[in-house]
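For reference, the structure is listed below as structure tokens.
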Amino acid sequence: MVLAGRVESVGFLGTGSSLPRRRVSNADVADVLNVQENWIEARTGVRERRFVAGESNTDLAVGAAAMAIEEAGVAAAAIDAVIVATSTPDRFIPPTAPMVQARLGVRGAVSFDVNAACAGFLYSIEIARSLILSRTIRGHALVIDSDAYSRVLDPADRQTYAIFGDGAGAAVLGFSTSGRGILGSRFKTDGDLAEIAVGGPRLPLSHEQIDSGEHYAKMVGHKVASVVRAEFPVMVREVIEEHDLTLDEIDHVVCHQANPRLVQECALSAGFSPKQLVVIGDRLGNTAAASVPIGLNTAVRDGRIHSGDTVLMMSFGAGMTWGWSLVTW
């Protein structure tokens, strides 16, 4: 589309994040798992994380959304869509998005949830972009990614309890005629890998399943890491070839923090420098769908991301699913 001689796109107007109050150190986790404290950081790169303590997943979503709306400088009445990406909702029904909509006073906006596990943010912003560009909604979309995995983790499971943390991130998207915004995205899914990261057994649950701990989220860590190591360089090649870029022309890489040590390994192997990579997993752990928007908001608040910067977002999630999105800020 062209408006007044300029390409019409969808860009980020504001970002926000919300974290639980409770800080959980590696010492705390080590006591529960019966491992040495330094084992956790050496294996994962995580030093601490946040767990909900009295807050709900919806509370986190509302907090992040309110910050994004304030930063965007838009009125609640200007929000026409509320999209929440989560795989740990407070309830199965209703979706989280209508509850967030009501608490924010965003009346009349189409509101729904998306579950693409840890890849939810990139899926959500692409859906929001389509709604905006197609004029299905009038203007602004609020995308929120919120997860509280601490509620579904087995404290005896080293592959999950040592890594995950809780949190929420959000963004307000709207029209941009400055040439800045989302330049392109690509997504892939391999359902043959579905069983390497699962959130409990098939419903309905039985007392026997709960007694045996089958209701906890589980992950085969080394298989997930293999997917990340294989697909990370493929996605980087796709981005630079499709958008005629060099690695140096990508100012910031905001990747899902599945494991901060793994993310740093893959980014450096792909040719990125440490200063290009946004890392938050060392102090927040794997915040699932929220990790990319929290990373964005952190980099914006820290003054790292400036107008005109090129930002590459990458994500991996259960499914297995993965993808990237390139943005001019």
Side-chain angles (χ1 to χ4, degrees), residues 10-20 49-50 57-72 74 79 81-89 96-97 100 104 113-129 132 140-149 164-174 181-182 185 187 252-258 260 263 277-281 283-302 304-305 309 311-317 321-329:
V10 173
F12 289 77
L13 307 182
T15 62
S17 60
S18 178
L19 300 171
R49 71 287 291 150
R50 304 286 187 94
N57 191 41
T58 304
D59 292 335
L60 297 178
V62 170
M67 181 186 291
I69 291 172
E70 181 178 1
E71 183 182 295
V74 301
I79 303 295
V82 178
I83 305 171
V84 174
T86 184
S87 48
T88 57
T96 303
V100 173
L104 292 172
D113 287 5
V114 171
N115 184 354
C118 299
F121 182 66
L122 299 191
Y123 275 70
S124 299
I125 62 173
E126 187 62 24
I127 293 169
R129 180 168 77 141
I132 293 169
H140 299 93
L142 172 62
V143 173
I144 311 160
D145 296 68
S146 183
D147 271 309
Y149 265 83
F164 281 91
D166 304 336
V172 175
L173 280 71
I182 300 172
S185 303
F187 307 98
H252 312 283
V253 179
V254 184
C255 187
H256 166 56
Q257 309 283 295
V263 169
L277 187 62
V278 175
V279 178
I280 59 167
R283 58 191 185 277
L284 297 179
N286 179 347
T287 51
S291 67
V292 172
I294 292 175
L296 276 178
N297 180 246
T298 299
V300 170
R301 287 188 289 110
D302 289 348
R304 286 187 59 179
I305 294 180
D309 284 356
V311 181
L312 172 61
M313 297 177 288
M314 305 172 70
S315 201
F316 298 85
T321 188
W322 56 93
W324 57 264
S325 184
L326 188 68
V327 177
T328 300
W329 203 256

Check whether S124 reaches the backbone of G120 with its side chain - one donor and one acceptor, N or O, closer than 3.5 Å. yes

Over 60° means perpendicular and under 30° means parallel, so classify the ring planes of F12 and W329, tilted if in between. parallel

Let me confirm one number: the CD1-OG1 distance from I305 to T15, rounded to the nearest 0.5 Å. 8.0 Å

Interatomic spacing from CG in L104 to CD1 in I79 - rounded to 0.5 Å: 8.5 Å

Just by modelled atom types, is the A148 backbone N or O under 3.5 Å from a matching donor or acceptor in the T88 side chain? yes

Would you check if V311 and V278 make a side-chain contact, meaning some heavy-atom pair closer than 4.5 Å? no

Could you tell me whether the side chain of H252 and the main chain of R304 form a donor-acceptor pair under 3.5 Å? yes

Do the side chain of R129 and the main chain of V10 share a donor and acceptor less than 3.5 angstrom apart? no

Scan side-chain atoms only and decide if T96 and N57 contain a donor-acceptor pair under the 3.5 Å cut-off. no

Closest heavy-atom pair and its distance - F121, A289: CB-O, 3.8 Å

How far apart are the closest heavy atoms of A141 and A128, and which atoms are they? CB-CB, 3.8 Å

Nearest 0.5 Å please: distance from the CG atom of L122 over to the CH2 atom of W322. 14.0 Å

Is a side-chain donor or acceptor of D147 paired with a backbone partner of A288 at a separation under 3.5 angstrom? no

When you look at I83 and V114, which way does the side chain to side chain contact (heavy atoms under 4.5 Å, CB included) test go after all the steps? CA-CA 7 Å; I83 305 171; V114 171; 3.7 Å; yes

What is the distance from atom CD1 of I132 to atom NE2 of H140, rounded to the nearest 0.5 Å? 8.0 Å

Taking the side chain as everything from C-beta on, heavy atoms only, tell me whether I182 gets closer than 4.5 Å to S325. yes

Can you see whether Y149 engages S87 through a side-chain donor-acceptor pair at a distance of less than 3.5 angstrom? yes

Partner of I294 under side-chain contact (heavy atoms from CB on, under 4.5 Å), chosen from T298, V292, L296: T298

Going from CG on L142 to CG on L173, what distance comes out if it is rounded to the nearest 0.5 angstrom? 9.0 Å

Which heavy atom of T321 sits nearest to which heavy atom of A116, and what is that distance? CG2-O, 3.8 Å

Mind listing the closest non-hydrogen atom pair of A72 and V172 along with its distance? CB-CB, 3.9 Å

L60 and P20: which non-hydrogen atoms are nearest, and at how many Å? CD2-N, 3.8 Å

Looking at CG of N286 and NE2 of H256, how far apart are the two atoms once the value is rounded to the nearest 0.5 Å? 4.0 Å

Does L284 reach the side chain of Q257, with side-chain heavy atoms less than 4.5 Å apart? no

Using atom types as modelled, flag every donor-acceptor pair under 3.5 Å from a side chain in residues 61-70 to any protein atom, sequence neighbours excluded.
none

Minimal non-hydrogen separation, S146 against T86, with atom names: O-OG1, 2.6 Å

